[in-house]
**Student:** 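I'd like to ask you about the structure that follows.
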Amino acid sequence: MDIRTRSHGRRRRPNPLRRRSDVVEAWVVVLVAVLLCVVAPLAGTAAGLHTYDRARAHAEEQRAERHAVRAVVLGRPTAVPTVRGDRGHGYRAEVRWTEAGPGPGQQKHTAVAHVPAGTRPGDTVTVWFDGRGRTVAPPPNDVAVWQHTVAVGLGVAGGTAAIVLLARAMERRIALRHRLDEWERAWARTGPR
């Protein structure tokens with residue numbers, strides 16, 4: 001008989017010390033490894049790609065509906081920063097800009113707009129407006145789109161990994177409880193002898 005055949009045959013014989021719970025736990029470890037090494041990164045990549053497409057479309061939509069003008073700051077910016085929803089803190093100041101009209105003249109406009117910190121009267125700043133003439137934040141650039149994409153991808157991959165590890169911890173507790181029950185039953189059978 002060949003050595004390979006003999007060793008291969010030994011693996012197929014049941015081991016009296018191997019419990020069913022040991023086999024289940026070994027397969028669970030393999031499953032957790034596959035979920036952590038394959039599924040979590042794939043979920044993060046899929047979420048990132050989906051987010052990139054949506055964020056890029058949203059940025060293009062905002063670029064199409066918003067326009068920038070170069071304006072001169074007229075007054076001193078407010079002393080207290082105002083919170084701008086998607087861009088953090090900024091200061092408000094009165095600004096003026098000149099826009100070429102349909103006729104031969106140019107139209108002068110004034111508005112209160114968000115300006116960067118450290119702006120003084122007479123400085124030139126870029127101010128963004130929407131289709132209704134309201135001051136708005138600038139549209140997100142490519143860097144902001146990529147930052148959002150990477151953050152969502154990493155968040156989904158990390159969340160998936162956390163769920164897998166939490167499920168593994170719960171499975172270990174349940175397996176331990178079943179193993180202790182098996183030991184109690186085995187001891188009840190062998191103890192009286």
**Student:** Does any N or O in the side chain of Arg168 come within less than 3.5 Å of the main-chain N or O of Val29, such that one atom is a donor and the other an acceptor?
**Tutor:** no
**Student:** On a heavy-atom basis, which atom in Gln62 and which in Pro139 lie closest, and how many Å separate them?
**Tutor:** OE1-CA, 3.6 Å
**Student:** For residues Val69 and Phe129, determine if any side-chain heavy atom of one lies less than 4.5 Å from a side-chain heavy atom of the other.
**Tutor:** yes
**Student:** So which atom in Ala40 and which in Ala161 form the shortest heavy-atom distance, rounded to 0.1 Å?
**Tutor:** CB-N, 4.2 Å
**Student:** For Ala117 versus Tyr91, what's the shortest heavy-atom pair and its separation?
**Tutor:** CB-CE1, 3.4 Å
**Student:** Using side chain to side chain contact (heavy atoms under 4.5 Å, CB included) as the criterion, list what pairs up with Ala157, not counting sequence neighbours.
**Tutor:** none
**Student:** Between Leu31 and Leu165, is there a shared hydrophobic cluster once you connect ILVMFWY residues whose side-chain heavy atoms come closer than 4.5 Å?
**Tutor:** yes
**Student:** Indicate yes or no for a side-chain donor-acceptor contact from Asp123 to the backbone of Arg120 under 3.5 Å, with no hydrogens or angles considered.
**Tutor:** yes
**Student:** Please tell me if the side chains of Thr126 and Pro138 come closer than 4.5 Å, counting only heavy atoms from C-beta onward.
**Tutor:** no
**Student:** Would you check if Val125 and Val127 make a side-chain contact, meaning some heavy-atom pair closer than 4.5 Å?
**Tutor:** yes
**Student:** Please report the shortest heavy-atom distance between Pro140 and Ala59, naming the atom on each side.
**Tutor:** O-CB, 3.7 Å
**Student:** Got a second to check how far His148's NE2 is from Thr51's OG1, nearest 0.5 Å?
**Tutor:** 5.5 Å
**Student:** In Å and rounded to the nearest 0.5 Å, what is the CZ to CZ distance from Arg56 to Arg63?
**Tutor:** 10.0 Å
**Student:** Which atom names give the shortest non-hydrogen contact between Leu74 and Pro121, and what distance separates them?
**Tutor:** O-CB, 3.7 Å
**Student:** Quick one: are Glu171 and Ile174 in side-chain contact, heavy atoms under 4.5 Å?
**Tutor:** no
**Student:** Within a strict 4.5 Å, meaning less than it, do heavy atoms of the Val164 and Val32 side chains meet?
**Tutor:** yes
**Student:** Does Val34 belong to the same Ile/Leu/Val/Met/Phe/Trp/Tyr cluster as Val24, with side-chain heavy atoms less than 4.5 Å apart forming each link?
**Tutor:** no
**Student:** Would Val152 end up clustered with Val145 when hydrophobic side chains under 4.5 Å apart are linked, directly or stepwise?
**Tutor:** no
**Student:** Within a 6.0 Å radius of atom CZ on Arg54, are there more than 12 heavy atoms belonging to other residues, nucleotides or ligands?
**Tutor:** no
**Student:** Below 3.5 Å, can you tabulate the donor-acceptor pairs from side chains in residues 180-189 to any protein atom, sequence neighbours excluded?
**Tutor:**
none

**Student:** Taking everything shown except Arg172 itself, do over 12 heavy atoms lie less than 6.0 Å from its CZ?
**Tutor:** no
**Student:** Begin with the C-alpha distance, continue with both residues' side-chain angles, and end with the deciding distance and a verdict on side-chain contact (heavy atoms from CB on, under 4.5 Å) for Glu94 and Val73.
**Tutor:** CA-CA 6 Å; Glu94 187 174 6; Val73 177; over 6 Å; no
**Student:** Is there a donor-acceptor contact under 3.5 Å linking the side chains of His109 and Arg96?
**Tutor:** no
**Student:** Taking the side chain as every heavy atom from C-beta outward, state whether Glu65 and Asp130 have any atom pair closer than 4.5 Å.
**Tutor:** no
**Student:** Are any of the side-chain heavy atoms of Val72 and Val95 separated by less than 4.5 Å?
**Tutor:** no
**Student:** So how far is it from Trp128 CH2 to His67 NE2, rounded to the nearest 0.5 Å?
**Tutor:** 9.5 Å
**Student:** Can a donor-acceptor pair be found, under 3.5 Å and without considering hydrogens, that links the side chain of Thr119 to the backbone of Val115?
**Tutor:** no
**Student:** Mind checking what makes ring-ring contact (aromatic ring centres under 6.0 Å, His included) contact with His178, not counting sequence neighbours?
**Tutor:** none
**Student:** To the closest 0.5 Å, what do you measure between CG (Asp142) and OH (Tyr52)?
**Tutor:** 6.5 Å
**Student:** Check whether Val28 and Leu176 end up in the same hydrophobic cluster, where Ile, Leu, Val, Met, Phe, Trp and Tyr are linked by side-chain heavy atoms less than 4.5 Å apart.
**Tutor:** no
